[in-house]
Engineer: 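Have a look at this one.
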Amino acid sequence: MSSNIKVQRICQHCGNEFTARTTTTLYCSHRCNSAAYKAKQRVGKVEQSNKETQRLKSQPIEQLKAKAFLSIADTCKLIGISRRTVYRMIERGELITGKAGKRTIIRRSDLEQLLFEQPRTVAPQPEKQPEQKQFDIADCYNLTEVQSKFGISQTALQNLIKRNSIPKIKKGWFAYVPKVVIDKLLS
């Protein structure tokens, strides 16, 4: 049964315009039809392969979730942290461990309790330091003056300022420290 219909269409594979004899024709030729079919099959195989790969990657995690006791390596895989971090948690007493021969084991229920049932901690807010006495720049040395007057290196001066919480006034490129405090410390 032939059709006298002539419909202008655009090929779904190559994008060229062609004259179709039916309203359902998608491709301009048998070659484009075959190429589109092969591309569709290829995409299906790639998706299936990706799903299988994903299943295989998640399989060890599912097996670890089923275990009652975990080794250090298993613990690292399960929660995604380094071995050193696990050992630090053990040293701080956050994780309770046991021994099976020479191997260290961790009960998975203890691990879940640590991670999920422990109340979330909020970072401590820095304490407000009492306001320090404001000094006038005329009553201060700049850092080079302190170094030359007292014969002290820059590193030693910075450590001294930090260790004794000496107030430092920044003005432009220069930093100033109170004469009274420096004279008291270094004299």
Side-chain angles (χ1 to χ4, degrees), residues 36-135 143-144 146-147 150-171 173-178 180-187:
Y37 176 76
K38 285 181 180 179
K40 185 177 177 183
Q41 293 298 315
R42 192 175 321 123
V43 167
K45 286 181 181 179
V46 168
E47 284 180 5
Q48 183 181 2
S49 175
N50 288 344
K51 285 180 184 176
E52 181 67 18
T53 303
Q54 197 63 24
R55 186 185 66 78
L56 290 174
K57 282 173 71 175
S58 66
Q59 187 177 14
I61 299 295
E62 296 302 322
Q63 290 174 348
L64 291 178
K65 288 181 180 177
K67 286 184 177 180
F69 294 95
L70 302 170
S71 67
I72 299 293
D74 291 343
T75 304
C76 295
K77 279 184 197 173
L78 186 63
I79 58 178
I81 58 176
S82 69
R83 292 178 71 86
R84 185 67 200 128
T85 303
V86 172
Y87 282 116
R88 272 191 235 110
M89 292 170 75
I90 292 168
E91 289 168 4
R92 288 189 302 245
E94 295 173 7
L95 274 177
I96 302 167
T97 61
K99 287 285 189 178
K102 291 185 177 183
R103 297 194 66 177
T104 302
I105 58 173
I106 300 168
R107 204 171 14 183
R108 191 176 48 82
S109 59
D110 291 341
L111 185 64
E112 288 175 356
Q113 181 180 6
L114 173 74
L115 296 176
F116 300 115
E117 295 176 11
Q118 186 178 32
R120 302 277 182 201
T121 57
V122 178
Q125 297 295 327
E127 295 179 19
K128 289 185 178 179
Q129 295 180 348
E131 277 194 41
Q132 296 176 343
K133 181 179 171 188
Q134 291 294 329
F135 293 95
L143 298 183
T144 16
V146 175
Q147 289 174 329
F150 295 102
I152 188 170
S153 72
Q154 184 177 2
T155 306
L157 179 60
Q158 293 295 340
N159 289 337
L160 182 75
I161 290 170
K162 189 184 289 184
R163 195 173 39 238
N164 293 303
S165 301
I166 299 172
K168 204 170 18 170
I169 303 167
K170 289 270 216 177
K171 183 152 186 173
W173 290 95
F174 299 101
Y176 297 91
V177 288
V180 178
V181 178
I182 291 295
D183 289 336
K184 184 178 174 185
L185 280 173
L186 297 176
S187 295

Engineer: Give the intermediate values and the outcome of salt bridge (Lys or Arg N to Asp or Glu O under 4.0 Å) for residues R88 and E91.
Structural biologist: CA-CA 5 Å; R88 272 191 235 110; E91 289 168 4; over 6 Å; no
Engineer: Rounded at 0.5 Å granularity, tell me how far CG in L64 sits from CG in L78.
Structural biologist: 5.5 Å
Engineer: Atom CG of L185 and atom CG of N164: how far apart are they, to the nearest 0.5 Å?
Structural biologist: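 One finds 5.0 Å between CG of L185 and CG of N164.
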Engineer: Calculate, to the nearest 0.5 Å, the distance between atoms OG1 and CZ belonging to T97 and R107 respectively.
Structural biologist: 11.0 Å
Engineer: Is atom CD of Q41 surrounded by more than 12 heavy atoms (other residues, nucleotides or ligands) closer than 6.0 Å?
Structural biologist: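 Enclosed.
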Engineer: Taking only Lys NZ, Arg NE, NH1 and NH2, and the carboxylate oxygens of Asp or Glu, determine whether R108 and E112 approach each other closer than 4.0 Å.
Structural biologist: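 So R108 pairs with E112 through a salt bridge.
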Engineer: Is there a donor-acceptor pair under 3.5 Å between the side chain of S49 and the backbone N or O of K45?
Structural biologist: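 The answer is no, because no donor-acceptor pair under 3.5 Å joins these two groups.
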Engineer: On a heavy-atom basis, which atom in A156 and which in S153 lie closest, and how many Å separate them?
Structural biologist: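 That closest heavy-atom pairing would be N-OG, 3.2 Å.
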Engineer: Where is the tightest heavy-atom contact between P167 and P178, given as atom of each residue plus distance?
Structural biologist: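 Distance-wise, the nearest heavy atoms are O-CD, 3.3 Å.
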Engineer: Do D183 and F150 touch side chain to side chain, with heavy atoms closer than 4.5 Å?
Structural biologist: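 SC-SC contact between D183 and F150 confirmed.
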Engineer: Within a strict 4.5 Å, meaning less than it, do heavy atoms of the K99 and I105 side chains meet?
Structural biologist: no
Engineer: For the atom pair CG (L56) and NZ (K51), what is the distance rounded to the nearest 0.5 Å?
Structural biologist: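 One finds 14.5 Å between CG of L56 and NZ of K51.
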Engineer: So how far is it from K67 NZ to T75 OG1, rounded to the nearest 0.5 Å?
Structural biologist: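 The distance works out to 9.5 Å.
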Engineer: How far apart are the C-alpha atoms of Q158 and L143, what are their side-chain angles, what is the distance that settles it, and do they pass the side chain to side chain contact (heavy atoms under 4.5 Å, CB included) test?
Structural biologist: CA-CA 9 Å; Q158 293 295 340; L143 298 183; 3.5 Å; yes
Engineer: When rounded to the nearest 0.5 angstrom, what is the spacing between OG1 in T53 and CD in Q48?
Structural biologist: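 Reported value, rounded in 0.5 Å steps: 10.5 Å.
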Engineer: Tell me, do I72 and I90 make a side-chain contact under 4.5 Å, heavy atoms counted?
Structural biologist: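 Yes, side chains in contact.
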